[in-house]
Amino acid sequence: MKKFLVLFTGIFIAVFCLAVTGCKAKSENKTQSSEKPEKNIIVGFSQIGAESEWRTCNTENMMQAANEAGIQLIYSNAEQKQENQIKAIRSFIVYQVDVIVFCPIVQDGWDNVLQEAKDANIPVIVVDRKIRTKDNSLYAGYIGTDSLEEGRNAGRFLLKKYKNASGPINIMELYGTIGSSVSEGRNQGFHEIIDKDPRFSVVYTESGDFLRSRGKEIAENICSESPAGTLKVNGKTIHAIYSHNDQMTLGFLEILDNYKIKCGKDITMITIDAEQSAIDELCRGKINCVIECNPKMGTQVMEFVKSLVANKPIPAVTYVPETVFTEYDALDQIAPRGY
Ligand code: AHR
């Protein structure tokens, strides 16, 4: 695996020098060879970072799929910064990779760099999170999660859970990264369902940036201000927490435990991703609903890469299959998650 891995460290001058040499070598090979070797496909992959187990699984899955498909993957870790992703995409263009694959940390701000890729005739596949652009022809297609549906599923679970309850039901929403398509979708889909029922209202929202440490920090601030054994924000008792990812949830749970607040019983907890540790908490009764966000899209991405290299179009939008695990299910039937 390692021989396919080039880690961009931010020293872009060095990368550019390498790139120029690499490109030259590529074109020399083409002219010198009398045979027609099968094309060695090179993909530049810009990943957001390593903020969660989910993300690590997504990266490893992409690398493994590339390896199995005989595709060379140049991997770049943006360490949670959009500017690093833009730099990485620019270096992929200089390197003249065959296809660029990237997980956009936020939705906006990609038009210029994607126009540069288009001008260089390099197709781009957007994975995991969506982008907002004024020209959809700037990228070949999107493959990833249906975050609107994830949000709707969170809302549907609450309707079921509180079917016979009178209101009000006060909800706290732990938001992911502001500006990311997944958090926007998870928020919109959720509201689409709960806003139709006047018993439900989101009384507090805060961004934890998809990080466990932020989940802990937010919980500590709220718990330390709440009366013993309860969770209160702005004078309102919280009955349910809707968290945009497992890592924030797990951090939050850790602090609730310290304050002896019974999550899963006194407070309903809904979380997204379905990492193994969240499923374990579902089985222990501390989480009530886990909505899967499927990180394993690598094989399909590599199929799309091959299509694009062969000048075949790919679908504009492809959603990966996803499921929901709840306290009402046969929990002993859940297969190990692998992340
Ligand atoms: O974009 C997918 C989200 O990003 C996952 O829910 C989260 O865990 C990750 O950091």
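Atoms within each ligand, like the ligands themselves, are counted from 1 in listed order.
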TODO: Apply the test side-chain contact (heavy atoms from CB on, under 4.5 Å) to residues Cys293 and Trp54: give CA-CA distance (whole Å), side-chain angles for both, the deciding distance (0.1 Å), then the verdict.
DONE: CA-CA 8 Å; Cys293 175; Trp54 187 99; 3.5 Å; yes
Open item on the list: As an exercise, state the distance from CD of Gln47 to SG of Cys103, rounded to the nearest 0.5 Å.
Closed with: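 One finds 4.0 Å between CD of Gln47 and SG of Cys103.
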Open item on the list: Would you say Gln276 and Glu53 are linked by a side-chain donor-acceptor pair, where the criterion is simply a distance under 3.5 Å?
Closed with: no
- [ ] Below 4.0 Å from any atom of ligand 1, which residues have a heavy atom? Give them in chain and number order, please.
- [x]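 Around ligand 1, where the cutoff is 4.0 Å for heavy atoms, the contacting residues are Glu51, Ser52, Trp54, Arg55, Asp128, Arg129, Val182, Arg186, Phe210, Asn245, Asp273.
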- [ ] State whether Arg156 and Glu149 are salt-bridged, where the test is any N-O pair (Lys NZ or Arg NE/NH1/NH2 against Asp/Glu carboxylate O) under 4.0 Å.
- [x]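 Yes, charged N to carboxylate O under 4.0 Å.
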Open item on the list: Under a 3.5 Å distance rule, please check whether Ser207 uses its side chain to pair with a backbone N or O of Gly176 as donor and acceptor.
Closed with: yes
- [ ] Would you please classify the geometry between the Tyr319 ring and the Tyr142 ring as parallel, tilted or perpendicular, with 30° and 60° separating the classes?
- [x]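 Answer is perpendicular, since the angle exceeds 60°.
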